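What you are looking at is a predicted structure, and each value in this text was computed from that prediction instead of being measured. The chain is numbered in sequence order, starting from 1.
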Amino acid sequence: KVQAHCPTWLHLTALKYHFATQCIPTPLAYWMHHLPPFLLKAGVAATLWVEGPLCWLLLCPLRLPRLVGACVQITFQVGILLTGNYNFFNLLTIVLALACMDD
């Protein structure tokens, strides 16, 4: 997203288009599409953090950072699940994050 120099990700405007152009949006996606622009930009920034640096927490040998990383990933995937239909991709990611909680 960032390495491709995509202007919608670099300018934090990707969600301005995402909810209206995804393949099978849920009813909640309509309402998310109409959020104020600053909230949509915050959502893009959160996406870049969750899918970027925060995913490394899942590999941490310490329990607390790993749990935080798993909770963040699960929360993020549930949000995606509620606003779009990506088949079982979200469920697979949640199962992998749950595996990080096993001690």
Side-chain angles (χ1 to χ4, degrees):
K1 295 172 183 176
V2 175
Q3 290 178 340
H5 301 289
C6 177
T8 60
W9 287 99
L10 292 175
H11 301 294
L12 303 179
T13 58
L15 286 180
K16 180 179 176 182
Y17 310 103
H18 169 72
F19 294 116
T21 60
Q22 61 181 325
C23 53
I24 307 173
T26 64
L28 185 58
Y30 172 83
W31 297 105
M32 297 299 281
H33 177 70
H34 290 90
L35 287 175
F38 75 92
L39 286 177
L40 293 175
K41 286 187 175 193
V44 175
T47 299
L48 292 173
W49 271 98
V50 171
E51 292 182 349
L54 291 183
C55 70
W56 290 101
L57 292 176
L58 299 172
L59 301 175
C60 185
L62 302 173
R63 187 172 194 270
L64 184 59
R66 199 173 59 245
L67 287 175
V68 169
C71 289
V72 168
Q73 287 294 331
I74 290 168
T75 303
F76 183 68
Q77 292 302 322
V78 168
I80 294 173
L81 192 63
L82 292 174
T83 59
N85 183 354
Y86 295 97
N87 293 322
F88 57 92
F89 162 75
N90 307 98
L91 298 176
L92 290 175
T93 305
I94 289 170
V95 168
L96 290 172
L98 286 172
C100 293
M101 295 179 157
D102 184 33
D103 267 350

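- L40 has its side chain out of reach of V44: every pair of non-hydrogen atoms, C-beta onward, lies at least 4.5 Å apart.
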All N/O donor-acceptor pairs, side-chain side in residues 7-18, below 3.5 Å, sequence neighbours left out:
{"residue": "T13", "atom": "OG1", "partner": "T8", "partner atom": "O", "Å": "3.4"}
{"residue": "H18", "atom": "NE2", "partner": "Y86", "partner atom": "OH", "Å": "3.3"}

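- Hydrophobic clustering (ILVMFWY, side-chain heavy atoms < 4.5 Å, transitive): L98 and L67 are in one cluster.
- Considering every non-hydrogen atom in both A97 and A70, the closest pair reads O-CB, 3.4 Å.
- Taking OG1 of T26 as the reference point, atom CZ of F19 lies at 8.5 Å (rounded to 0.5 Å).
- Taking all atoms of both residues into account, the shortest heavy-atom contact from A29 to Q22 is CB-NE2, 3.5 Å.
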With a 3.5 Å cut-off and sequence neighbours excluded, list the donor-acceptor pairs that the side chains of residues 71-83 form with protein atoms.
{"residue": "Q73", "atom": "NE2", "partner": "V50", "partner atom": "O", "Å": "3.0"}
{"residue": "T75", "atom": "OG1", "partner": "C71", "partner atom": "O", "Å": "2.8"}
{"residue": "Q77", "atom": "OE1", "partner": "N90", "partner atom": "ND2", "Å": "2.8"}
{"residue": "T83", "atom": "OG1", "partner": "G79", "partner atom": "O", "Å": "3.1"}
{"residue": "T83", "atom": "OG1", "partner": "I80", "partner atom": "O", "Å": "3.4"}

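- Annotation: ring-ring contact (aromatic ring centres under 6.0 Å, His included) contacts involving residues 29-72, sequence neighbours excluded, comprise Y30-H34.
- L64 and L57 fall within a single hydrophobic cluster, where Ile, Leu, Val, Met, Phe, Trp and Tyr side chains are chained together by heavy-atom contacts under 4.5 Å.
- In terms of the side chain to side chain contact (heavy atoms under 4.5 Å, CB included) criterion, residue partners of I24 (sequence neighbours excluded) are, by chain and number, N85.
- With sequence neighbours excluded, no residue satisfies ring-ring contact (aromatic ring centres under 6.0 Å, His included) with H5.
- Sorted by first then second residue, the side-chain hydrogen bond (donor to acceptor under 3.5 Å, both in side chains) pairs that include residues 35-45, not counting sequence neighbours, number zero.
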